[in-house]
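I have placed the structure first, in the form of structure tokens, so that the comments after it can refer back to it.
In what follows, every chain begins at residue 1, and chains take the letters A, B, ... in the order their sequences are listed. The figures that follow rest on heavy atoms only: side chains count, while hydrogens, waters and symmetry mates do not.
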Number of protein chains: 2
Amino acid sequence: MSERRSRTHRKRGYHHGDLAEAMSNVALKLIAEFGPAGFTLAEVARVIGVSAAAPYRHFKDREALIAHIASRGFEKFTAALEQAWNEGKPDPTTAFMNVGRAYLQFAENEPAYYAAMFEARLPTDLQQDVTDASTDAFAVLRRAVETLIADMPKAKRPPAMMVALHVWSLSHGIADLFGRNNPNAHPIPMEPEDLLEAGVLIYLDGLGLPLESSKKG
Amino acid sequence: MSERRSRTHRKRGYHHGDLAEAMSNVALKLIAEFGPAGFTLAEVARVIGVSAAAPYRHFKDREALIAHIASRGFEKFTAALEQAWNEGKPDPTTAFMNVGRAYLQFAENEPAYYAAMFEARLPTDLQQDVTDASTDAFAVLRRAVETLIADMPKAKRPPAMMVALHVWSLSHGIADLFGRNNPNAHPIPMEPEDLLEAGVLIYLDGLGLPLESSKKG
DNA sequence: CTGACATGTAAAGGGTTTTTACATGAACTG
DNA sequence: CAGTTCATGTAAAAACCCTTTACATGTCAG
């Protein structure tokens, strides 16, 4: 990948070398500043310093580029959650909290990806592709929940799907309302990460999950 | 209000009668379909059947109109939550659940207002106005929480602010991800309202709040 | 070396938004 | 009820931009 790029990158004459990649990068910057609806392919071309028609060789239109970015974003997101989960080590509860932190950190560190993933208004077919790409990310969370509640007695064990939806929703809500260092967001008296951690701990307690601290203690 | 409108509405000649109101209504329809970034003042004018320059008599630009709609939306939202809370009757827990339902119902019944309120990307000064307008709505939730936890022993009582933030975030997360009958959202095996209710009940249980059913029952 | 294909350019076509100068008529005043 | 005023709408022009089409370039395979 970078091989081909460096090879063609040497001579920057008529051909750019890796315009598609450059477009993604520029679009990410524009999305971060103006949102998924706040840029055009012509503007991307201008920033890169290429003719206005060039982008159309690589993406059918603006929405195709956004969909591409959103899908790539979900891949990175999935990887980040997976790494945070780390197969449930050192223990499921701690690992689960790490997943929550990773969720918010992704939204903060990659606000443009996050916006493309959750904030874009795409036509049905493209949006479906993006939604499909999100499946893997949700699966990470769901499997983590399954591990987390595996030790509970069957009678008291909640549906993993429901728990995953609750945690996903709370995480997304916090990210959207208070994360992504939005300068105009409502000020809150704690860090988003801590707000999420507290919320999840209370919720897990409400589920009757024996937490590590009180279990092993 | 409707008095003046009906009076001037009779003759529909050169002057429209209440163009500002008509603009809000048309913009809401366009926002519902294409999002806050998906329309222009010229398009609004065209739909209404008025010249392209007319809107500028009433709003400085597109963003001013969105900000106006967002602020009006928060007023309606506040009223809806207040009515659902109904001074904590019949009992705080039930009333609190009603607030949660009202939250999601507002997002479903008024998706355009909701989008303008939470999804718009406005310049700092306008966004600040909208954020200010949201304060009253959050205050309703916060006061409800205060009532809800008032009976808890002081030592076990959580900060009302934190609880309100958790519930707000969960509500918004569910609304954004699964509410607003988005045809491409991830399918989930329950209604958003029920998902929220279950989540809040579990959370309140985790807080150690004595729920009505187990308290009075 | 040569031909074919991917990639980029130039320029034109089509559409749109916003501004400016002017027109209209509703409401007040006497 | 006539005259004046001012908010409100129109028309037209200026500016901007996106997208497409026909053409140019350079890379790579044979």
Does anything in residues 191-200 of chain B pair up under side chain to side chain donor-acceptor pair (under 3.5 Å), and if so which pairs, sequence neighbours excluded? B:Arg101-B:Asp194, B:Arg101-B:Glu197
Contacts under 3.5 angstrom, residues 41-57 of chain B side chains, donor-acceptor by atom type, not counting sequence neighbours:
none

The contact string for nucleotides 14-19 of chain C, one letter per nucleotide 5' to 3', using protein heavy atoms under 4.0 Å with B, S and - for base, sugar-phosphate only and none, comes out as ---SBB
Please state how far atom CZ in A:Arg57 lies from atom C1' in C:dC5, giving the value in whole angstrom units. 11 Å
With a 4.0 Å limit, can you tell me whether B:His58 has a side-chain N or O closer than that to the phosphate oxygens OP1/OP2 of D:dG9? yes
Taking side-chain contact (heavy atoms from CB on, under 4.5 Å) as the definition, give me every residue that meets it alongside A:Ala115, ordered by chain and number, with sequence neighbours left out. A:Ile31, A:Pro36, A:Glu119, A:Arg180, B:Arg121
Take the protein atom CG of A:Leu65 and the nucleotide atom P of D:dC18, then report the distance between them rounded to whole Å. 14 Å
Taking only residues two or more places apart in sequence or in another chain, which ones pass ring pair (Phe, Tyr, Trp, His ring centres under 6.0 Å) with A:His58? none
Sequence neighbours excluded, which residues qualify as ring pair (Phe, Tyr, Trp, His ring centres under 6.0 Å) partners of A:Phe77? A:Tyr103, A:Phe106
Rounded off to whole Å, could you give me the CG-to-P distance for the A:Leu19 and C:dG8 pair? 5 Å
Spacing between A:Ile48 atom CD1 and C:dT9 atom P, to the nearest angstrom: 11 Å
Would you say the rings of A:His186 and A:Phe178 are close, in the sense that their centroids are separated by under 6.0 Å? no
